[in-house]
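Here is the structure we will look at.
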Amino acid sequence: MNSEEPKATVNFIQEIINQDKKTNKHQGRVHLRFPPEPNGYLHIGHAKSICLNFGLAAQNNGLCNLRFDDTNPNKEDVEYIDSIINDVRWLGFDWGDRLFYASDYFEKMYDYAVSLIKAGKAYVCDLSPDEIRKYRGSFNETGRESPYRNRSVEENLDLFKRMRAGEFADGSRVLRAKIDMSSPNLNMRDPVLYRILKATHHRTGDKWCIYPMYDYAHPLEDYYEKITHSVCTLEFEDHRPLYNWVLNVLNLPDPPQQIEFARLNLTNTVMSKRKLRRLVEEGYVAGWDDPRMPTIAGLRRRGYTPESIRNFCDRIGVSKSNSLVDVRFLEHCIREDLNLKAPRVMGVLYPLKLVIDNYPGDMVEEMESENNPEDPTAGTRKIPFSRIIYIEREDFHEDPPKKYFRLAPGREVRLKNAYIIKCEGFVRDERTGEVKEVHCSYDPESKSGKAGAKRKVKGTLHWVSADHALKAEARLYDHLLLDQNEGAEEQEEEKDFINQLNPNSLKVLTDCLVEPSLAGAAPGSRYQFMRKGYFCVDPDSASDKLVFNRIVSLRDSWAKILKEN
RNA sequence: UGAGGGAUCGUCUAGUGGUAGGACACCAGACUCUGGAUCUGGGAGCGGUGGUUCGAGCCCACCUCCCUCAGCCA
């Protein structure tokens, strides 16, 4: 951590905290929480929330809990709990011994519900789900009171107890708050507090058959954990009066404050759990950790560093206006991070054979190469060089376009860390007409480091020695969606986003060649393939077959020139 | 047509009555044994109309547009 770093601008939540500290609200404590429901994998949008909550806690000498909001056994699973814990930890955050579950509070919540009934603030309602909806009214039409609204406290207590005892079928009864059926805020029209769900809960098993609703459970969870600032996303804004109602009617001291911020949207991808699930279940991607997925697991496998994700989240800011962040900003963050950290290596994605005719056939030289020009402490390594090498197919052009600096008949280029070579000719495949091999001569005086090396040539190419190179597979990823925006057409049926899937989001190259120093590279290790991009060794990699994921390409000004023409 | 929110360069975000700033993206140039990185420069913005004020992105009024809400999901 660099203390010289320009201080992140104070966001509106930090301003609220500053204000609260000034007035000694919550005795100056700052306590937040990240409360995921264990019903799916975390994605980059969650990362924003995680960084916000844990970050605010850290900045303010406060605490941040990890809490599973597991109040709906029908949708949740331990599989997700494990992955969420793993992901938050991987991002670099620590909740100490404060890992909590809403389900641990069920008994206390039940007791509070009983006191709500006793206070005449809640009642058991026998209306069907459909009837409840009809009674609720609409935007323009006030709601009607349930015929069960004025049951006696005794009857409500009895019925609620029997709900818990399992006497009634799913959906037959609910516990409702008694608030105001004519409220302009639909959330306040006697919202459901408890429903009957005869489902096995992943933590409490069959102990319960009634489960609290989010609006009732969440303020209590926050209260139990002495949360001071309960940060959530914008769609809960309308629920804040209800959040406050629960805390208020129960007369709970030092209540937490709910604060809403805008969730993250990213261009060229999808973020909703529903859509991500579709991609996985319908086989558009290989799984939740497919490197094209915006999930934490996907980004991790792709090769993103936790630092780059945290940095991204810190830099996009926090506000209440809906936003759509350009995915290129995320890509900038990983390039920036890896530029400083990733060792440089040479890897040829589309190999083209090149013979240096005047180089002795039995000679092998060890060429010295910097591991990272951005990091002098990274050291150097030796790379074998010989008469037959492979270069990138696109680095030779028999009829070079304008501004093309690379190899072409009669032209000279430098081989990185080796010699200047001159193209003397090429051989075509008789059948396909494709260039099969290129013939060159080299200038022995031009070896890197020698006096004769000072000669300037336009281009520098990466290469690998044919006899020494390792075979490798490279998986090149591109954006999942062609279209910029998932937000704009959101209303359209989901087919819409399937139509926008990028057919070229994955390209698998099985005949790549990489320098021998990569032998045994461990899964997860990251490299810059010079002039090509940043790559990460995939878990599929084996000793006899290296597999690399392209994290992100290098910025490519030649590609831009090409695009213009 | 109810309620709650929101509108500042293409994008994200500062600015809290006193010269609209940064980042990404884009464009141009320098440098380069990575067409990378780095460096320099550039274009680009206050939704609209009135009002208050010496002075308004900021305060007031009206308007426009966008988002969220009618789950026994969270």
Side-chain angles (χ1 to χ4, degrees), chain A residues 6 9-11 15 35-37 39 69 71-72 74-76 125 127-129 132-134 136-143 170-176 183-189 191-197 210-211 213-215 217-218 232-241 260 262 267 273 315-326 328-333 335-336 339-340 344 346 369-370 373-374 403-406 413-418 420 446 448-449 453-454 456-462 484 487 528-533 553-561:
Chain A
T9 51
V10 173
N11 66 48
E15 270 173 22
E37 184 190 14
N39 70 342
D69 205 1
T71 57
N72 186 352
N74 284 337
K75 293 192 172 175
E76 298 153 9
C125 181
L127 256 24
S128 71
I132 286 185
R133 187 175 349 107
K134 283 179 180 139
R136 186 157 32 224
S138 67
F139 294 145
N140 303 313
E141 171 199 4
T142 186
D170 282 14
S172 62
R173 279 178 233 261
V174 290
L175 183 73
R176 288 228 253 169
S183 170
N185 182 344
L186 304 203
N187 294 124
M188 299 299 270
R189 319 243 262 225
V192 173
L193 265 25
Y194 270 89
R195 77 283 214 188
I196 301 172
L197 242 42
I210 56 172
Y211 292 92
M213 298 286 290
Y214 170 88
D215 286 316
H218 211 86
C232 63
T233 44
L234 249 29
E235 66 270 27
F236 293 102
E237 223 153 10
D238 290 345
H239 296 240
R240 192 180 341 123
E260 311 84 10
T267 62
K273 279 182 184 170
R315 292 215 265 168
I316 53 176
V318 181
S319 74
K320 295 194 65 154
S321 56
N322 296 97
S323 61
L324 179 63
V325 176
D326 196 327
R328 289 179 299 182
F329 188 53
L330 213 210
E331 293 169 351
H332 165 78
C333 290
R335 282 193 189 103
E336 183 180 63
N339 178 44
L340 301 175
R344 272 58 170 172
M346 293 203 277
S369 182
E370 277 180 305
E374 301 294 326
K403 293 194 200 165
Y404 186 81
F405 300 159
R406 285 112 94 146
V413 296
R414 168 166 295 283
L415 293 174
K416 177 75 183 171
N417 298 124
I420 291 175
S446 67
S448 293
K454 277 180 293 191
K456 297 281 180 215
V457 288
K458 269 279 185 54
T460 300
L461 311 186
H462 60 282
Q484 291 273 296
Q528 186 199 92
F529 285 13
M530 270 189 284
R531 305 205 305 135
K532 294 276 84 178
S553 67
L554 255 29
R555 287 183 69 229
D556 188 348
S557 46
W558 171 242
K560 274 177 199 164
I561 294 171

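Everything numeric in this text was worked out from a predicted model, so none of it was measured. The basis for the numbers below is simple: all heavy atoms, side chains too, and nothing from hydrogens, waters or symmetry mates. Letters A, B, ... are given to chains in the order of the sequence lines, protein chains preceding strands, and every chain is numbered from 1.
- Counting any heavy atom pair closer than 4.0 Å across all strands shown, Arg240(A) reaches no nucleic acid atom.
- With a glycosidic angle further than 90° from 0, G41(B) counts as anti.
- Spacing between C9(B) and G45(B) at atom C1', rounded to whole Å, works out to 4 Å.
- Ring planes of Phe329(A) and His332(A): parallel class, angle under 30° (limits at 30 and 60°).
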Heavy-atom protein contacts under 4.0 Å, nucleotides 10-17 of chain B, coded B base, S sugar-phosphate only, - none: -SSSSSB-

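- Between G71(B) and Arg133(A), a contact under 4.0 Å exists linking OP1 or OP2 to a side-chain N or O.
- The P atoms of U8(B) and A14(B) are separated by 11 Å, rounded to the nearest whole Å.
- A close approach under 4.0 Å does occur between a side-chain nitrogen or oxygen of Lys456(A) and OP1 or OP2 of C33(B).
- When the C1' atom is used for both U52(B) and C58(B), the distance is 13 Å, rounded to whole Å.
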Pairing string, 5' to 3', for RNA chain B - Watson-Crick or wobble contacts under 3.5 Å, brackets [ ] where pairs cross, | to another strand: .((((((..((((....[..)))).(((((.......)))))....(((((..]....))))))))))).....

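- Contact between the side-chain N/O atoms of Arg414(A) and the OP1/OP2 oxygens of G35(B) is not found at any separation under 4.0 Å.
- For Thr460(A) and Arg531(A), the side-chain atoms include no donor-acceptor pair closer than 3.5 Å.
- For Arg335(A) and G36(B), a side-chain-to-base donor-acceptor distance below 3.5 Å is absent, hydrogens and geometry of angles not being considered.
- In this structure, Thr142(A) does not reach the G2(B) phosphate: none of its side-chain N or O atoms is under 4.0 Å from OP1 or OP2.
- Using C1' as the reference atom, U32(B) and G17(B) are 50 Å apart when rounded to the nearest Å.
- Donor-acceptor pairing under 3.5 Å, judged by distance alone, is absent between the side chain of Glu260(A) and the base of G6(B).
- Within the nucleic acid shown, Ser138(A) comes within 4.0 Å of at least one base atom, counting heavy atoms only.
- Note on Asn72(A): only backbone sugar-phosphate atoms sit closer than 4.0 angstrom, heavy atoms only; bases stay farther off.
- Using a 4.0 Å cut-off, no side-chain N or O of Arg555(A) falls inside it from OP1 or OP2 of U34(B).
- Residue side chain Gln528(A) reaches the base of U34(B) through a donor-acceptor N/O pair under 3.5 Å, judged by distance alone.
- Of the C1' atoms belonging to U40(B) and C12(B), the separation is 25 Å, rounded to the nearest Å.
- Stacking of the aromatic ring of Phe329(A) onto the base of A23(B) is not found under the criterion of centres within 5.5 Å and planes under 30°.
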